[in-house]
Structures are given as C-alpha cells and as structure tokens.
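Before any comments, here is the structure.
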Number of protein chains: 2
Amino acid sequence: MVTHATPKVSFRSQMLLARERAIIQTVNRLLAEKGFEAMTVDQVAEGVGIAKASLYKHFASKEDLAAAAMADLMVQAQTFLDGLAPALSAIDKLRTTVEWTMRLKLDGNMPTLPSQNSSLRAALMVHKAYMDGLMDVSDRLGAWIEEAQQQGALNPQIPAIAVLYTLYARACDPVLEFLKASDLFSDDQIIEMVLMTCFDGLRQR
Amino acid sequence: MVTHATPKVSFRSQMLLARERAIIQTVNRLLAEKGFEAMTVDQVAEGVGIAKASLYKHFASKEDLAAAAMADLMVQAQTFLDGLAPALSAIDKLRTTVEWTMRLKLDGNMPTLPSQNSSLRAALMVHKAYMDGLMDVSDRLGAWIEEAQQQGALNPQIPAIAVLYTLYARACDPVLEFLKASDLFSDDQIIEMVLMTCFDGLRQR
DNA sequence: GTCTATAATCAGATAGAC
DNA sequence: GTCTATCTGATTATAGAC
C-alpha cells in the first residue's frame with residue numbers, strides 16, 4: 001500500500017504554526033498599544049486565550065516574543081516591497097514604503113520597541129529570521145536611496161545611511177501619535193503632512 | 001538690636017534646594033541613559049549618595065522624580081530662549097533652539113520619556129511647574145513659527161502645530177543615537193545632517 | 001531628614017500533573 | 001502541549017528608630 005506524506009505530522013505542525021501566528025498577532029497588537037516594557041506576558045496569554053506556561057513552550061522569553069513579532073514585521077515589509085510596481089521611480093518606491101509604515105502605525109499595527117533596552121536589543125541581534133529580514137529590507141531600500149540620489153531626486157549631500165535611518169524613524173515618529181491625539185486631522189492628512197515634512201522639509205521651497 | 005532675615009532658615013532651605021538639585025541632576029542623567037522604565041529609584045538614591053527613604057521625603061513617587069526633571073528641563077529651555085540674540089530671524093531662532101536640544105541629547109543630558117506610559121503622563125499633566133514651562137516654551141516657539149511662515153521662511157502649508165511637534169521630536173529622535181552608534185560621524189556632522197534633513201528635507205533642492 | 005529594615009506587589013519564568 | 005500552582009527576583013514604597 002502506498003504511504004501518504006505523513007499527514008498526521010503535517011496537520012499537527014499546521015496547528016502549531018496557526019497558534020504561533022495567533023500569538024505573534026497578539027504580541028504585535030500589544031507592542032503597538034503599550035510598548036515592550038508595559039506589555040506583560042500575562043496579557044499576551046490572555047489575549048491568545050492560553051495559559052502563560054503554554055506560551056513558554058513556544059517562545060523562550062518575553063524578549064523572544066517581541067523578536068518574533070519584529071521578524072514577522074520584516075516579512076510583512078518584504079511582501080510589501082515585492083508588491084511595489086516596478087515602473088515606479090526609486091523615490092516613489094521609498095515614499096510609498098514610508099507611507100505604508102505610517103499607516104501601519106496609525107492603525108495600531110506597528111510594534112514599537114524602545115531604542116535603548118539592552119536585553120531586547122541582544123535578543124534581536126541573535127534572532128536570525130529578524131536580522132536576515134532587516135538586512136534584506138535595508139539592502140533594497142538602500143539601493144533605491146542611492147539610485148534616487150544619482151537621479152538627483154534625493155539630496156546626495158546626505159549619506160545614504162542617514163537617509164535610511166530617517167525613513168525608518170518614521171515608523172516610530174511620535175509626531176504621528178501627537179497629531180492623531182490632537183484630533184484636528186484625519187489619518188490621511190497626518191500622513192500627507194509628515195510625508196511633506198520628511199521629503200520637502202519645513203522650509204519654504 | 002536689628003534682627004537679620006532669618007539666616008538659619010535660609011541656610012537650611014538652601015541646603016534643601018541644593019540636595020534637590022543634585023537629585024534632579026542624577027535623575028536627568030539616568031533618564032537620558034536608560035529611560036524612565038529602566039531607571040530604578042535605587043539607582044537614583046545611589047547616584048545621589050543618600051538612602052532611598054530619604055528620596056521619598058523630597059519626592060512622592062518615581063513619576064514625581066521624572067516630572068521634576070522635566071520641569072527642570074523646561075527651565076533650562078527658557079533660559080536658553082532668553083539668551084537668544086534678538087537680532088536673529090525667527091527661523092534662525094528655531095534652528096538654533098533645535099540644535100541646542102540635539103546637542104543636549106548627544107551629550108547625554110536629554111531626559112527622554114516614553115510617549116505612551118500613562119501613569120507618567122498623568123503625573124506630568126498635573127505638575128504645575130512643568131506644564132507652565134511647557135506652555136511658555138510652546139508659546140514662544142509657536143510665535144516664531146508663525147512669524148517665519150509669514151516671512152516665507154517656513155512652509156505655510158504645514159500647520160504651526162505640526163511644525164512645533166516636528167521640532168520637539170528632534171529632542172528624542174532615534175536617528176541621532178543610531179548615527180552616533182555607527183561611529184561614522186562627529187557630533188557636529190550628525191547635527192548638521194539632521195538639521196538639514198529637518199529643515200530642507202530629503203529631496204534635492 | 002536621614003537612616004536600616006521590611007512590607008507589598010508585581011511580573012517573568014518554571015514544576016509537575018495530565 | 002496544555003494546564004494550575006508556585007517560585008524567584010526585582011522594585012516601588014513605607015515603618016519606625018535616631
């Protein structure tokens with residue numbers, strides 16, 4: 001009799017992946033809402049609907065949970081970059097990507113981490129999936145930055161690395177949440193203002 | 001005999017003020033180094049060189065400590081604004097002020113708070129000295145912003161409040177620390193790059 | 001007001017049965 | 001792998017003597 005390709009194991013591993021996706025989704029939301037320090041593992045467990053001890057069967061530590069969420073964010077970013085129309089100019093690709101990250105943040109789906117916490121930084125640095133994703137995304141954005149600078153679209157006086165950091169920083173820009181909290185503007189208006197400030201500057205052109 | 005103006009009380013209160021200044025200075029440094037959550041009251045006490053219980057005779061809570069540091073920052077800002085040459089144009093005053101905040105941050109003297117933590121936000125909102133200082137600084141910057149917009153120096157399409165938030169955000173811009181961590185640039189170069197990005201934008205002019 | 005000692009709480013992580 | 005129950009350590013805050 002012909003044997004099938006281990007259906008039981010496949011099914012079990014699918015359930016496992018589904019659960020881990022659910023965990024990551026909850027972590028993502030909590031990180032966006034309250035940040036890493038204020039997020040507790042109890043809240044994650046409650047959000048997923050499982051016991052805390054079960055969480056620790058999937059992820060070794062709180063830092064590991066956050067790292068998994070960040071790795072997932074990198075996958076989302078890669079998917080977004082893949083879907084960008086190749087016909088777009090380099091600067092338009094950059095602009096559209098920044099807009100995507102800001103919308104993610106305004107929608108409460110951008111996990112934000114403290115740029116200081118060392119235990120977390122250490123966990124991120126050794127997380128292969130996250131680091132690989134980050135490197136890939138940075139490489140692709142970096143290539144567009146250099147292309148845009150050569151085309152005279154971006155100011156070539158600013159080092160590419162500084163441009164890259166500046167674009168990344170839009171993902172955790174407090175200006176977004178302050179403007180949103182002011183309740184004076186729609187999300188679209190906020191994005192338009194911050195994009196304009198970022199690319200055109202505060203000075204009159 | 002002529003009585004003097006209560007010299008003993010004056011001396012005691014001077015000692016008190018000196019101690020509180022020492023506490024605030026330590027809090028300032030720790031907030032800049034590690035942020036609010038990672039800073040512990042034990043570290044503050046050790047930094048000042050007094051017992052933790054003594055700290056609580058001066059400040060009611062950890063939030064209160066941070067609020068006092070922020071209030072002190074506002075006083076520093078007011079002093080800086082007072083010292084600005086009146087001959088400077090509005091945009092140059094803004095530029096110089098932003099440069100001052102960035103240098104404070106690069107030197108490790110800019111207390112940075114999480115923009116989310118609610119217990120801390122609540123403590124800040126009811127701290128009269130901090131709120132008064134913040135309002136005064138905001139009013140003065142706001143007036144310069146509107147002046148610069150009328151003079152055609154700043155882009156009038158961007159609401160003044162958005163400009164104000166954008167300038168404030170330079171005080172906690174992660175781009176500064178990332179560029180510093182890269183060890184590729186001097187502090188002066190970093191400030192020049194970020195100032196250029198902020199006022200002139202990433203696009204070629 | 002300063003100290004030592006301690007209370008009270010909370011959160012990350014684990015033991016061990018099923 | 002999931003659960004309940006618990007451990008462990010860290011941290012904010014206070015009691016009470018001097």
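In what follows, chains carry the letters A, B, and so on, assigned in the order in which the sequence lines appear, proteins first and then strands, with residues in each chain numbered from 1.
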Tell me, please, the opening and closing nucleotides of DNA chain C, 5' to 3', among those with an atom under 4.0 angstrom from a non-hydrogen atom of chain A.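 Both ends considered, the range comes out as C:dA11 to C:dA15.
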Using a 4.0 Å heavy-atom cut-off, write out nucleotides 9-15 of chain D from 5' to 3' as B (base contacted by protein), S (sugar-phosphate only) or - (no contact). --SBBBB
Could you list the residues that satisfy side-chain hydrogen bond (donor to acceptor under 3.5 Å, both in side chains) with [X], not counting sequence neighbours?
| X | value |
| --- | --- |
| A:R95 | none |
| A:K93 | none |
| A:K180 | A:D187 |
| B:S138 | B:Y168 |

Within the supplied structure, the quantity of interest is the number of heavy atoms (other residues, nucleotides, ligands) at a distance under 6.0 Å from A:Q76 CD; does it exceed 12?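 Atom CD in A:Q76 is crowded, with more than 12 foreign heavy atoms closer than 6.0 Å.
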Within residues 58-67 of chain A or reaching into it, pairs that qualify as side chain to side chain donor-acceptor pair (under 3.5 Å) - sequence neighbours excluded: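 Residue pairs passing side chain to side chain donor-acceptor pair (under 3.5 Å), neighbours aside: A:E20-A:H58, A:E63-A:S119.
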Only pairs at least two apart or in different chains count here, so list each side chain to side chain donor-acceptor pair (under 3.5 Å) that has a residue in residues 77-92 of chain B.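 Non-adjacent pairs meeting side chain to side chain donor-acceptor pair (under 3.5 Å): B:Q78-B:D136, B:D82-B:R140, B:S89-B:D92.
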Set of residues satisfying ring-ring contact (aromatic ring centres under 6.0 Å, His included) with respect to A:F80, sequence neighbours excluded: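 Here the qualifying residues are A:W100.
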All salt bridge (Lys or Arg N to Asp or Glu O under 4.0 Å) counterparts of B:E99, not counting sequence neighbours: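 So B:E99 forms a salt bridge (Lys or Arg N to Asp or Glu O under 4.0 Å) with B:R103.
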Suppose we screen for salt bridge (Lys or Arg N to Asp or Glu O under 4.0 Å). Which residues come up paired with B:E37, at least two apart in sequence or across chains?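 Listed in chain order: nothing, the list is empty.
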Taking DNA chain D as the partner, which of residues 18-26 of chain B come within under 4.0 angstrom of it by heavy atom?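 Within this stretch, nothing sits under 4.0 Å of the strand.
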